[in-house]
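Quick notes on the structure that follows.
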Amino acid sequence: MSVRNTEIQAIFNQVADLIEIKGENPFRIRAYREAARIIGGMSEQMAKLVQERQDLTQYRGIGKDLAEKIREIVETGGLNFLDELKADLPQSLLEILAIPELGPKKVAALYHKLGVTTVEELKTAAENGKIAQLDGFGSKSQEKILKSLDQFKKKSAKRMLLAEAEPVAAALEAYMKAQEGIKQASIAGSFRRGKETVGDLDLLATCRRGYENQLMKAFVAFEDVARVDAQGRSKSSVHLRSGLQVDLRIVPQLSYGAALHYFTGSKAHNVAVRKLAMEKGLKINEYGVYQDDKRIAGETEPAVYDAAGLCYIEPELRENMGEIESARVGALPELIKISDIRGDLHAHTRRTDGTGSLEKMAEAAGKYGYEYLAITEHSQKVAVAGGLNEKQVREHLADIDRVNEKINGIRLLKGMEVDIRSDGSLDLADSVLKELDLTVCSVHYHQGLASDKQTERVIRAMDNPWFKILGHPSGRLINRREPMAIDLEAIIEAAGQRGVIIELNAQPDRLDLAHNYCKTAVERGVKLAISTDAHSPGNLKLMRNGVIEARRGWVRCADVINTLGLKTLLQALNRD
DNA sequence: GCCGTTTTCGGCCCGACTGTTTTCAGTCG
């Protein structure tokens with residue numbers, strides 16, 4: 001169980017990169033990338049499937065050959081084929097390939113003709129004017145490479161958190177909408193799909209006839225633009241000061257739906273929809289759906305789906321991870337909405353590491369129309385956050401009683417975020433836990449245990465009947481910390497058997513339980529709690545981010561316990 | 001390398017922008 005899906009994914013992507021530099025059959029390259037994508041998005045661990053001798057070719061995109069290679073990776077931790085490729089081509093070429101402007105053909109040319117194998121050698125060659133002399137390159141490409149190298153050093157191309165991109169996107173959208181002649185403007189791309197992180201923003205617009213050039217000019221003149229990468233009649237591309245790349249496309253009104261679909265992606269989703277359309281003798285591009293060069297749809301997205309024989313698919317589902325098959329038979333779930341949420345089940349106050357008082361937290365929750373807010377302070381073991389011992393817990397509970405008597409319209413629930421100790425015991429005695437309305441139990445320390453030990457630890461903790469909600473199950477911090485080694489499949493299974501609820505922590509850098517596991521939980525009938533883990537009154541607004549992640553995980557209203565009214569919620573929290 | 005109500009071969013999504021290639025290849029999304 002040691003090799004993870006993400007490692008298999010990385011190996012296949014490396015193979016794809018290397019054989020692309022070698023100039024192999026493009027479809028072979030695509031097959032590796034597609035398999036990498038599928039494996040990366042799966043919640044089942046390949047290592048486990050291999051162990052159970054399951055037939056891996058049952059998964060789309062994995063045939064006989066790749067199934068065999070997966071088995072080799074799981075059993076040996078490596079891949080002979082990749083080692084051979086690396087012996088043939090320097091691995092450092094992969095770094096060069098990551099530089100914008102440089103694709104496989106150019107990397108291969110630089111390597112074969114100039115002997116460039118590292119980023120440093122590339123820089124030297126560019127500075128000495130060697131690159132401009134190469135066939136297929138010129139002085140402009142040499143300049144661009146130097147510029148890209150500069151950028152490349154500054155930021156190692158980290159994707160921005162969705163929540164960080166939101167204000168940028170909103171400002172840009174508002175700016176464009178204020179321009180003369182504009183009709184519509186919206187952000188498409190992974191931003192619209194609600195991905196945890198975004199690499200760039202895709203802005204789509206329609207305008208009155210004749211305003212295209214003026215709009216492009218206004219776009220590249222946006223105050224936050226640091227440099228202009230390309231500027232054409234229908235497409236322009238810029239980098240903002242934050243490092244975020246933004247593309248603007250101006251499309252005809254009649255193509256707006258088709259373009260929105262096209263630029264929302266994902267690429268894999270689009271390819272699959274186009275393939276379906278092809279089977280019906282139709283052609284789909286960003287301008288519309290065509291039958292024998294005659295446009296039959298394109299102004300709206302639903303019409304594009306309809307033409308392909310599909311019902312409308314929400315952007316969050318567009319990953320080609322089963323949504324198309326479901327849409328064909330009209331079996332898509334009705335996804336949860338932010339308005340379904342009736343309370344928040346994980347929040348801290350200044351009694352531990354939050355900043356607000358009980359009253360302020362209740363007041364803020366009231367603004368969202370919530371019926372309840374659980375105050376879940378840290379337990380004693382989490383000393384850095386001022387965790388509470390048994391005596392302090394009792395004071396905390398008495399405080400909540402006092403505040404509940406004063407406030408109207410919302411009920412503060414008595415909770416604790418109880419640390420799961422490394423032996424699987426809980427950080428507070430049952431005699432205290434039974435006085436609470438609920439517990440959120442989380443791992444904070446010893447996140448580095450081996451997978452089987454970590455899994456065992458959490459399952460043992462769940463055996464305690466006062467364990468209600470498993471908090472931030474993987475411990476991941478997006479862009480900062482990898483998820484713990486833990487068998488979340490087994491955890492979900494165990495939660496189902498014990499009536500334990502799993503949290504989807506809505507902090508923008510957590511979003512934990514991740515969407516692919518949310519989907520697994522829903523399939524197994526395990527209930528989720530979408531919680532903000534708010535450390536201030538303002539943090540309660542993060543619920544939105546949690547709901548978006550849940551939607552990406554095919555979660556419906558009925559799968560989430562904090563869509564219940566207070567009375568039914570309290571019943572649902574009773575395990576048995 | 002995958003896939004199949006055209007099933008073991010022959011397909012595999014499509015277009016914009018850039019630079020330098022005077023007619024298009026490479027890159028990107």
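All chains are named by letter (A, B, ...) in the order of the sequence lines, taking the proteins before the strands, and each is independently numbered beginning at 1. We use all heavy atoms of the structure for the numbers below, so side chains are in, but hydrogens, waters and symmetry mates are not.
For A:Y32 and A:F137, each mapped to the nucleotide of DNA chain B holding its nearest heavy atom, the one lying further toward the 5' end belongs to A:Y32.
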Using a 4.0 Å cut-off on protein heavy atoms (strictly under), produce a 5'-to-3' string for nucleotides 7-12 of chain B with B for base contact, S for backbone-only sugar-phosphate contact, and - for none.
-----B
Contact state string [nucleotides 22-29 of chain B, B base, S sugar-phosphate only, - no protein heavy atom under 4.0 Å]
----SSSB
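Cation-pi geometry between A:K69 and A:F12 is not met: the NZ or CZ atom fails to fall both under 6.0 Å from the ring centre and inside 45° of the normal.
Annotation: B:dT22 and B:dT6 have their P atoms spaced 46 Å apart (nearest Å). Here the separation of B:dG11 from B:dA16, taken at their C1' atoms, is 26 Å to the nearest Å. One C1' atom belongs to B:dG1, the other to B:dT8, and the distance between them is 14 Å to the nearest Å.
A salt bridge does not link A:K86 to A:D83: none of the charged nitrogens lies less than 4.0 Å from a carboxylate oxygen.
The residue A:E34 sits apart from the nucleic acid: no heavy atom pair falls under 4.0 Å. Note on A:S139: only backbone sugar-phosphate atoms sit closer than 4.0 angstrom, heavy atoms only; bases stay farther off.
Residues A:I99 and A:I145 fail the side-chain proximity criterion, which asks for heavy atoms closer than 4.5 Å.
If you check B:dT18, B:dC14, B:dC2 against the side chain of A:D65, the one that comes closest is B:dC2.
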